[in-house]
Amino acid sequence: MKIWILTNAYLPETGGLVTYTRSLAKTVKNLGYEVEIITSNAKDKRLKKVEEIEGVKVRRIDFSGIIVPKKIITPLIFYTRIKKELRKIDIGKDDLVISRFYSFQAAVCDVWKGSKNIFISPLVAEELNKLDKRDTSFLRKIYLSLINPQIKYLDKKAFKGALFKGVLSESKRSEVSKYYHVPLEQIAVIRPGVDTDRFSIPDKEEKIRIRNLLGYTPKDFVVVCVGRLSSEKNIEQVIKAFKYIKNNTIKLAIIGEGTLRNVLQKKISDMDLKEQVILYGAKQNVEEFYHMADMFVLVSRYEGFGHVYLEALSCGLYCIAAKNNPPYCITASDEILINDKLGKLVDYDSSQDIANEIINFSQQKDIYVQYRHNYIESKYSWNQHYSQIEEVIK
């Protein structure tokens, strides 16, 4: 049996789906299965069409070269290109197809109809698009209005057409069940894993070494935030919280890239927070930022699961996340931060609450570092994740 993993982005890109795919591929390869990843080239023609990365074959579909008049049908063009590529590939009757992105799964429904396939939906694509539409330029709002019906069509086709259906959290299970009118019992919750060797508790020397490289002192209390710089991640609220924090030794390191970078950088400048808040961009060595930090904060308004909380907790960090409050805020944070030793849930739109929690925790002695790592190690592993997929298929 061969395992096929289909996703929208892969290395050298960063982000949750990349981490998921990389970790799952490594896991099934170690279990003795042949594995191949089918993904896009993220519109970068410099990337090889086929190559081997970390012992896994990666096949990329070219998403570049869409001329301006056709950009209004971009989702359908991507979907068509994926179908064209899948038609060139023969898969075995016992092969397993795991899709993590709607356009790829929609193509599977058409081209690999008889395959053993599962779509593990990250979120409702149309809902994410609506959030993007709120905080963008007028022209982009028009563009998003034009492509949204296509996204809705493909996402619905992918989810309802998948032989097996999965999500990463109970909150997402409830949401997609209502949205697509699919019975709850047809949707499996398959919790993700985390690499607890990579995301580990650093020793004192490692923490100091990384801080020295980044310009932080041992006396600084460093808060790290990891996430795409886009509307649903709500990073602006975290930045706003620092206007209530008068202690200049409390710092914020933001790791991630996205369309709101310039907006957030201007916010930092306008609020005179350049000495406290730094945008570092996307990083492949994100674990080093967890290792030098004292606390993790991300108050997403819309989140399929939130792998970054697992990574932060595995590194021993106390976490602040947003309360699940549908339809205003849909997250799985309360499924991860199940007690006060792990972290605290706040209102997604209250920068004052975020600031208060940061200040309160900065004044305490943290005695639950090892507990957080052990909690993650016992509950979230990639071997368990793949075993759950196998159980669903059986």
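For the numbers below, each heavy atom of this structure counts, side chains included, while hydrogens, waters and symmetry mates do not. Computed from a prediction, not measured in an experiment: that's the story for all the values here.
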Hey, could you give me the [atom1]/[atom2] distance between [X] and [Y], rounded to the nearest 0.5 Å?
X	Y	atom1	atom2	result
L337	L342	CG	CG	6.0 Å
I91	E36	CD1	CD	11.0 Å
Y309	L298	OH	CG	4.0 Å
I354	D349	CD1	CG	8.5 Å
Q364	M295	CD	CE	8.5 Å
S177	I187	OG	CD1	4.5 Å

Between [X] (side chain only) and [Y] (backbone N and O only), is there a donor and an acceptor less than 3.5 Å apart?
X	Y	value
S103	F78	no
Q186	K165	no
N324	T331	yes
Q276	D272	no
K251	E275	yes
S314	L310	no
H307	G15	no
N360	N356	yes

Using a cut-off of 6.0 Å, state whether more than 12 heavy atoms not belonging to [X] lie near its atom [atom1].
X	atom1	answer
K152	NZ	no
K116	NZ	yes
K88	NZ	yes
K49	NZ	yes
K160	NZ	yes
K157	NZ	yes

Can you pull out every salt bridge (charged side-chain N to carboxylate O under 4.0 Å, His left out) where at least one residue sits in [range]? Sequence neighbours excluded, please.
range	value
residues 60-81	K45-D62, E51-R60
residues 5-16	none
residues 324-336	R191-E335

Anything under 3.5 Å between a donor and an acceptor, one on a side chain of residues 261-268, the other on a protein residue two or more places apart or in another chain? List them.
unit_1	atom_1	unit_2	atom_2	d
R261	NH1	E257	OE1	3.3
K266	NZ	D270	OD2	2.7
K267	NZ	E236	OE2	3.2

Answer yes when D220 and R211 have at least one side-chain N-carboxylate O distance shorter than 4.0 Å, and no when they do not.
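Salt bridge absent between D220 and R211.
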How close do [X] and [Y] get, heavy atom to heavy atom, and via which atoms?
X	Y	answer
D155	L123	OD2-O, 4.1 Å
D294	K207	OD1-NZ, 3.0 Å
L345	S333	CD2-CB, 3.7 Å
F164	V392	CE2-O, 3.6 Å
C109	A162	SG-N, 3.9 Å
A107	Y79	N-CE1, 3.7 Å

Show me, pair by pair, the donor-acceptor contacts under 3.5 angstrom made by side chains of residues 277-288, not counting sequence neighbours?
unit_1	atom_1	unit_2	atom_2	d
Y280	OH	Y216	OH	2.9
Q284	NE2	P12	O	2.9
N285	ND2	E288	OE1	3.3
E287	OE1	R198	NE	2.9
E287	OE1	R198	NH2	2.9

Parallel, tilted or perpendicular, as decided by the 30° and 60° cut-offs, for the rings of F159 and Y180:
parallel
Return the set of residues passing salt bridge (Lys or Arg N to Asp or Glu O under 4.0 Å) with [X] (not counting sequence neighbours), or none when no residue passes.
X	result
K233	E303
K204	none
D340	K344

Could you give all pairs that pass the ring-ring contact (aromatic ring centres under 6.0 Å, His included) test and reach residues 346-378, with sequence neighbours left out?
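Matches after skipping sequence neighbours: Y318-F361.
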Is a side-chain donor-acceptor pair under 3.5 Å present for Q105 with N117?
yes
Does the side chain of S350 pick up a donor-acceptor pair with the side chain of Q352 at under 3.5 Å?
no
Given L213, L214, N212, the one that forms side chain to side chain contact (heavy atoms under 4.5 Å, CB included) with M292
L214
Compute the ring centroids of W4 and F104, then answer whether they are less than 6.0 Å apart.
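No, ring centres 6.0 Å or more apart.
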Transitively linked via ILVMFWY side-chain contacts under 4.5 Å: L229 with V18?
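Shared cluster, yes.
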Set of residues satisfying ring pair (Phe, Tyr, Trp, His ring centres under 6.0 Å) with respect to F199, sequence neighbours excluded
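F199: ring pair (Phe, Tyr, Trp, His ring centres under 6.0 Å) contacts with Y290.
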Considering residues at least two apart in sequence or located in another chain, which fulfil the ring pair (Phe, Tyr, Trp, His ring centres under 6.0 Å) criterion with F221?
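For F221, no residue satisfies ring pair (Phe, Tyr, Trp, His ring centres under 6.0 Å) once neighbours in sequence are set aside.
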Let's go through D110 and R87 carefully: what are the C-alpha distance in whole Å and the side-chain angles of both, what is the deciding distance for salt bridge (Lys or Arg N to Asp or Glu O under 4.0 Å) to 0.1 Å, and is it a yes or a no?
CA-CA 10 Å; D110 283 343; R87 287 194 180 102; over 6 Å; no
Show every donor-acceptor pair shorter than 3.5 Å between a side-chain atom in residues 237-246 and any protein atom, with sequence neighbours excluded, or say none if there are none.
unit_1	atom_1	unit_2	atom_2	d
Q237	OE1	S351	N	3.4
K246	NZ	K243	O	3.0

Given the rule in the salt bridge (Lys or Arg N to Asp or Glu O under 4.0 Å) test, do K2 and E34 qualify, once you have shown the distances and angles that lead to the verdict?
CA-CA 5 Å; K2 182 174 181 178; E34 182 183 0; 3.5 Å; yes
